[in-house]
Amino acid sequence: MEAYTLHLAMAALIGASTVAISAYFLHRKTLSHLLEFARAVERDVDDENLHAGVVAVDDSSSSPKRHLRKHRSAYDRRIGNGYYRRSSTSLPDVTVVDSVEAKSGHPGTPKINILRAISPKSPVASASAFESVEESDDDMVDNAEMDTTYLHTNGNVGLEDKNGYETLPDHVNANGDMIQLTASKSMIHSHSISGDLHGVQPDPIAADILRKVPEHETFARLKVTPLEGPSPDEVEAYVIVQECLEMRKRYLFREAVAPWEKEIIADPCTPKPNPDPFFFAPEGKSDHYFEMQDGVFHVYPNKDSKEEIFPVADATTFFTDLHHILRVIAAGNIRTLCHYRLNLLEQKFNLHLMLNADREFLAQKSAPHRDFYNVRKVDTHVHHSACMNQKHLLRFIKSKLRKEPDEVVIFRDGTYLTLKEVFESLDLTGYDLNVDLLDVHADKSTFHRFDKFNLKYNPCGQSRLREIFLKQDNLIQGRFLGELTKQVFSDLEASKYQMAEYRISIYGRKQSEWDQLASWIVNNELYSENVVWLIQLPRLYNVYKEMGIVTSFQNILDNIFIPLFEVTVDPDSHPQLHVFLKQVVGLDLVDDESKPERRPTKHMPTPAQWTNIFNPAFSYYVYYCYANLYTLNKLRESKGMTTIKFRPHSGEVVDASSCIQAGDIDHLAATFLTAHNIAHGINLRKSPVLQYLYYLAQIGLAMSPLSNNSLFLDYHRNPLPVFFSRGLNVSLSTDDPLQIHLTKEPLVEEYSIAASVWKLSACDLCEIARNSVYQSGFSHALKSHWIGKEYYKRGPNGNDIHRTNVPHIRLEFRDTIWREEMQQVYLGKAIIPEVDK
Ligand SMILES: *[C@@H]1O[C@H](CO)[C@@H](O)[C@H](O)[C@H]1NC(C)=O
Ligand SMILES: CC(=O)N[C@H]1CO[C@H](CO)[C@@H](O)[C@@H]1O
Ligand SMILES: [Zn+2]
């Protein structure tokens with residue numbers, strides 16, 4: 001402290017010396033004998049103290065002196081030269097003077113002498129001392145300081161002075177004490193608007209906002225402490241909830257080595273785009289041997305080994321666990337408890353908003369550059385066959401009809417037809433075509449009618465146009481769809497901040513589907529830094545069975561998984577597929593969830609035994625896809641390849657009859673155990689227990705309120721805003737832009753409507769956008785770049801407001817509440833690692 005005071009004193013000393021030239025003239029009389037003294041002092045002070053002075057001025061903003069000077073200089077400049085002396089009267093160099101006094105122990109004369117005495121000594125030298133601090137406007141400050149010193153130490157100003165400072169009020173000159181008083185006031189004031197006011201005069205409010213360090217945001221924290229611990233009944237219920245969470249942990253596939261441990265990203269500047277995404281280098285075959293047993297592939301290190309290396313829970317265990325979860329979900333006391341906890345979560349969020357919404361808003365303002373428009377958002381759920389908007393499709397059809405009328409595009413009724421002939425056969429010209437005629441939009445007639453909705457995939461109600469333009473396995477090898485897709489990609493790239501995960505179908509009718517799809521991707525060079533792929537499997541066993549394409553459910557599993565295991569063991573066997581799989585991040589299950597189905601029992605027929613004409617239940621599909629994918633991922637990971645997450649559609653359909661069947665609840669229970677995240681999940685609103693479990697496990701939900709609007713649920717009844725308030729891990733997605741959206745940026749349309757209907761704030765939108773990046777399957781490097789270097793850490797530690805525009809306040813709130821909730825459920829014994837793996 002003492003050293004600090006000394007620094008300050010020296011700073012004052014040097015500052016004073018610059019301006020003391022004028023004092024020199026004013027106080028010529030006393031100069032000569034003071035000069036001696038000054039020289040004596042200076043000999044001691046000289047070099048090192050000059051440095052000390054520099055340090056003091058350079059010191060942190062905690063030095064009151066610095067604030068004052070800066071503030072003063074700006075103020076002086078503003079009011080103009082003629083007035084600066086007036087302000088100088090209130091300059092609080094008193095502090096400094098006082099400390100000199102205190103130090104020297106001689107109030108009065110000695111310090112005056114020091115200050116004065118230096119004045120004749122080379123002012124150039126002292127000025128240069130200040131230049132080294134890069135304060136160009138210090139001259140004025142120095143003058144001002146001099147004045148104060150002068151006034152303070154000598155109340156009797158000479159007549160010549162009075163003339164010089166005509167504007168000074170008399171009493172100021174007359175009374176040093178009074179000046180001192182003013183000075184301390186101004187000190188307080190200047191503290192409040194302290195800051196870096198170099199050069200320009202910024203708007204004080206904007207400056208105040210921008211200067212705030214987001215990490216140090218303060219906000220009203222909620223501390224809700226129940227008076228007493230949970231009752232024995234509640235403890236029992238919590239233990240059951242714990243068991244469910246632990247069960248999910250046993251099932252879920254997670255990388256043994258997390259991506260951020262594998263690949264350390266020191267500098268998350270824009271990752272370089274992959275120059276050659278379709279490059280294939282032969283990698284050779286590994287010894288792994290795989291074999292199908294009861295519907296699940298088992299992997300062995302080699303053909304002779306009997307030791308299975310990636311075991312996964314068997315079907316009986318899964319269905320037993322599923323039944324356990326279903327029983328838990330139905331138990332009355334657990335339902336009541338979860339319902340209560342969920343409501344409490346919602347109210348806590350509301351309270352948080354009431355207390356802190358303004359601060360969140362301020363924090364967002366303080367993040368330079370970022371706003372909702374330039375935070376990254378991923379469309380986490382969109383079907384590739386409907387990824388373009390209808391106007392785009394229409395324009396594309398017209399341009400093809402104009403530019404390539406003679407292209408042979410289809411084989412129908414024994415003849416090959418050119419594009420022109422197709423339109424003639426439909427009795428249409430390019431000019432006739434309009435969006436209404438295209439008729440791909442969902443409307444009232446599709447509400448609750450999935451069959452009709454799928455008809456809408458056919459432009460003009462014509463499966464011919466669909467086959468030509470929206471299929472990849474047609475006469476032109478999907479060239480048109482490829483071109484259309486590329487246009488969609490370049491629109492995305494132009495938007496820069498929007499990404500998409502397109503879901504594209506594999507049906508499981510034949511094994512060659514994978515190679516066809518991969519070669520379509522590779523031959524059309526469908527690659528974009530803004531896009532990754534998901535594979536969707538339509539649950540259509542019964543249809544294929546009826547058509548005689550398959551004999552048992554096992555056929556479908558073989559068709560889907562054999563090529564995947566082959567290419568993983570030996571990439572050279574399907575080079576294009578190997579390259580394509582690097583861009584595939586997830587596996588999805590799709591179909592009409594409103595179809596009635598029978599709840600599986602614990603002992604189900606194996607897939608090979610499943611030869612009847614009925615479609616297996618959703619959870620049956622889920623188990624076999626999950627189990628094979630789990631084994632596949634383990635194998636891929638062990639070989640350093642990318643993995644494919646299980647991300648099915650689930651809990652989508654709201655159907656009156658399903659209340660009785662509770663089939664949709666089965667879906668959500670099955671995906672609770674097995675899925676990385678799910679699409680939709682709106683039926684969670686019907687089951688408080690599942691909703692609570694999805695909250696605790698923070699399972700991602702990719703919700704599409706507009707899409708479900710046209711199909712199953714009115715927009716205003718969509719549970720998204722409630723889920724969001726409660727802290728479920730939700731993102732917004734478009735699902736089917738071709739049928740649903742009207743603008744060129746369907747994802748922004750989705751956000752925009754959600755924002756206006758549900759009054760979501762900019763902070764809410766940015767939080768949802770951030771969630772969408774988490775839920776997506778983009779690479780670790782891209783995620784680091786998009787949402788922050790340490791994004792994988794929990795809560796505010798993982799946030800970078802400069803990238804996400806989400807205030808720490810919000811994430812700290814979410815994290816605190818979630819931790820409290822986990823402790824509640826685990827009865828204070830939850831172990832929550834810093835990093836979620
Ligand atoms: C949200 O879900 C995704 C997976 O879908 C997960 O990676 C992410 O960590 C979750 N968010 C939180 C806050 O746990
Ligand atoms: C429409 C809907 O309910 N949302 C889901 C919502 O509906 C569409 C229809 O495909 C589904 O495809 C979505 O998956
Ligand atoms: Zn969908």
Side-chain angles (χ1 to χ4, degrees), residues 248 252-255 258-260 378-387 442 450 453-454 457 500-505 534 536-539 585-586 588-593 645-653 671-672 674-682 694-708 710-712 723-724 727-731 733-740 750 767-778 780 783 787 791-799 804 806 810-819 821-822 832-837:
R248 169 172 162 88
L252 194 63
F253 169 79
R254 291 186 189 270
E255 287 101 345
W260 47 88
V378 181
D379 195 342
T380 42
H381 163 206
V382 46
H383 300 279
H384 170 253
S385 52
C387 69
F450 217 109
F453 184 81
N454 276 340
Y457 273 105
E501 303 183 294
Y502 291 120
R503 297 177 188 230
I504 194 162
S505 295
L534 273 87
Q536 59 179 29
L537 310 175
R539 291 181 285 114
V585 300
D588 183 9
L589 281 177
V590 294
D591 193 29
D592 184 354
E593 287 193 65
K645 301 273 163 48
F646 189 44
R647 299 172 52 184
H649 276 59
S650 180
E652 170 185 357
V653 174
T671 51
F672 168 75
T674 53
H676 184 68
N677 58 36
I678 61 168
H680 298 303
I682 41 184
Y694 271 72
Y695 166 73
L696 292 171
Q698 286 289 302
I699 301 172
L701 309 176
M703 302 187 74
S704 314
L706 277 177
S707 154
N708 291 294
S710 42
L711 268 163
F712 298 108
F723 288 179
F724 178 72
L728 274 87
N729 185 348
V730 293
S731 67
S733 54
T734 58
D735 202 353
D736 292 290
L738 178 61
Q739 280 93 10
I740 313 288
E750 194 80 41
E767 189 186 352
I768 293 174
R770 180 176 181 267
N771 284 349
S772 76
V773 176
Y774 273 99
Q775 291 176 14
S776 75
F778 284 93
H780 168 54
K783 285 185 182 177
I787 54 176
Y791 73 94
Y792 46 84
K793 291 189 176 164
R794 272 190 197 290
N797 292 343
N799 186 41
T804 61
V806 182
R810 173 63 64 89
L811 291 171
E812 191 172 329
F813 167 78
R814 295 282 194 205
D815 190 52
T816 311
I817 298 297
W818 177 79
R819 280 170 197 268
E821 208 58 42
M822 287 295 277
I832 299 167
E834 185 54 27
V835 171
D836 180 31
K837 274 183 57 169

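Both counts, for ligands and for their atoms, begin at 1 and track the order of listing.
With the Zn ion (ligand 3) as the vertex, NE2 of H383 and NE2 of H381 span 110° to the nearest 10°.
Relative ring orientation between Y792 and W260 is described as parallel, the plane-to-plane angle staying below 30° on a 0-90° scale split at 30° and 60°.
The N/O atoms of Q775, backbone and side chain alike, include none that comes under 3.5 Å of an N/O atom in ligand 1.
When the options V773, V730, N771, N729 are ranked by their closest heavy atom to atom 3 (C) of ligand 1, first place goes to N729. Considering only non-hydrogen atoms, atom 4 (C) of ligand 1 lies nearest to H676 out of H676, R794, E767, R647.
For the residue pair S704 and S733, a side-chain donor N or O sits within less than 3.5 Å of a side-chain acceptor on the partner.
Near Q698, meaning under 4.0 Å from any of its heavy atoms, are these atoms of ligand 1: 1 (C), 2 (O), 10 (C), 12 (C), 13 (C), 14 (O). Under a 4.0 Å criterion applied to the non-hydrogen atoms of N677, ligand 1 contributes the atoms 4 (C), 5 (O). Which parts of ligand 1 touch G700 is read off a 4.0 Å heavy-atom cut-off, strictly below it: atoms 2 (O), 5 (O).
Remark: the backbone N or O of S776 is paired with a side-chain donor or acceptor of K783 at under 3.5 angstrom.
Listed by chain and residue number, V375, K377, Y751 satisfy the side chain to side chain contact (heavy atoms under 4.5 Å, CB included) test with A769 (two or more places apart in sequence, or in another chain). Residues that satisfy the ring-ring contact (aromatic ring centres under 6.0 Å, His included) test with H384, not counting sequence neighbours, are W520, W533.
Relative to the ring axis of F724, R814 places its NZ or CZ within 45° and under 6.0 Å from the centre.
Counting heavy atoms from C-beta on, the side chains of R248 and I699 come closer than 4.5 Å.
Here D588 does not reach the Zn ion (ligand 3): none of its N/O/S atoms is less than 2.8 Å from the metal.
Closest approach between the Zn ion (ligand 3) and any N/O/S atom of D735 involves OD1.
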